[in-house]
Amino acid sequence: MTGLLLNAMGQGLCIVGAMGSGIWTAAAVNLSAWQGWNIGIVLFVSGVFSAATNQVLIRRIDVPRFVAEVIYAMFYGYFVNIFTWLFTVLGIGSWPMLARTLVSCFGVAIFCIAISLYQRANIIMHPNDDTSNILRFRYLHGNATASQLVDFIPPIIVTAIAWAFSGKLLGINVATAVSMIFNGVIIAWSDEHVWPHLRHNFKMTPQKDR
């Protein structure tokens with residue numbers, strides 16, 4: 001629950017700060033603006049697609065894993081909407097550009113710490129972050145930075161398509177660059193320094209199958 005709230009809070013700060021956000025959130029913002037959909041719903045639907053992708057990446061059908069990730073995505077979209085509303089009411093969106101830049105970058109750091117926490121706990125996590133976890137440990141020899149970069153490919157494509165059709169590019173700014181460059185670095189740092197006794201227990205199959 002802590003990881004969920006931290007993640008949603010960080011994303012809310014990025015959205016309201018309007019100086020860039022994580023690339024997945026930026027893709028949702030652009031798709032929402034292009035099609036007029038609620039951003040919480042867009043985040044939920046993208047989470048369902050990611051959860052389905054994870055079933056392919058682990059090369060087996062794991063129904064509990066899929067259901068847990070869909071439930072997480074549902075609550076995640078809901079809480080992002082709440083935090084976005086709260087930070088808008090607090091007037092963060094009207095702060096000077098430098099302050100909003102710092103807030104947005106702080107939001108990136110917060111959601112990276114959240115990702116580190118629930119990836120290590122490996123109980124329930126956002127499907128996008130399970131994707132990067134699977135890529136990291138099954139395909140990329142534990143490299144957190146490489147897994148994040150590979151995980152960025154789909155939202156970059158979505159953002160480019162939305163931009164091409166709408167003529168608008170939203171949610172892309174300084175904090176987006178910070179996220180794309182430092183997501184993996186911050187996650188790896190958090191693994192060692194934020195609740196360091198919580199260690200990765202990554203698994204591909206349920207315990208009973210081992």
So, [X] side chain and [Y] main chain: donor-acceptor pair closer than 3.5 Å or not?
{"X": "S132", "Y": "D151", "result": "no"}
{"X": "T25", "Y": "S21", "result": "no"}
{"X": "R120", "Y": "S116", "result": "yes"}
{"X": "Q11", "Y": "F111", "result": "no"}
{"X": "N30", "Y": "L170", "result": "yes"}
{"X": "N173", "Y": "A175", "result": "no"}
{"X": "S104", "Y": "T101", "result": "no"}
{"X": "R136", "Y": "S147", "result": "no"}

Give, for atom [atom1] of [X] and atom [atom2] of [Y], the distance between the pair rounded to the nearest 0.5 Å.
{"X": "N133", "Y": "M125", "atom1": "CG", "atom2": "CE", "value": "4.5 Å"}
{"X": "T176", "Y": "I181", "atom1": "OG1", "atom2": "CD1", "value": "10.5 Å"}
{"X": "N54", "Y": "D129", "atom1": "CG", "atom2": "CG", "value": "10.0 Å"}
{"X": "F83", "Y": "L5", "atom1": "CZ", "atom2": "CG", "value": "5.5 Å"}
{"X": "F44", "Y": "F49", "atom1": "CZ", "atom2": "CZ", "value": "11.0 Å"}
{"X": "F106", "Y": "L13", "atom1": "CZ", "atom2": "CG", "value": "7.0 Å"}

| said: Within the structure provided, determine whether I172 and L169 are in side-chain contact (heavy-atom separation under 4.5 Å). | reply: yes
| field | Mutual orientation of the aromatic rings belonging to W34 and F165 [parallel < 30°, tilted 30-60°, perpendicular > 60°] | value | parallel
| query | What are the two closest heavy atoms between L6 and L117, and how far apart are they? | reply | CD1-CD1, 4.1 Å
| query | Looking at D130 and R65, what are the two nearest heavy atoms and their distance? | reply | OD2-NE, 2.9 Å
| message | Can you confirm whether more than 12 heavy atoms, excluding those of Y78, are under 6.0 Å from its OH atom? | response | no
| said: Tell me whether the count of non-hydrogen atoms from other residues, nucleotides or ligands lying under 6.0 Å of CZ in F66 goes above 12. | reply: yes
Pair up each side-chain donor or acceptor in residues 92-99 with any protein partner under 3.5 Å, not counting sequence neighbours, and list the distances.
from, atom 1, to, atom 2, distance (Å)
S94, OG, G91, O, 2.7
W95, NE1, G91, O, 3.4

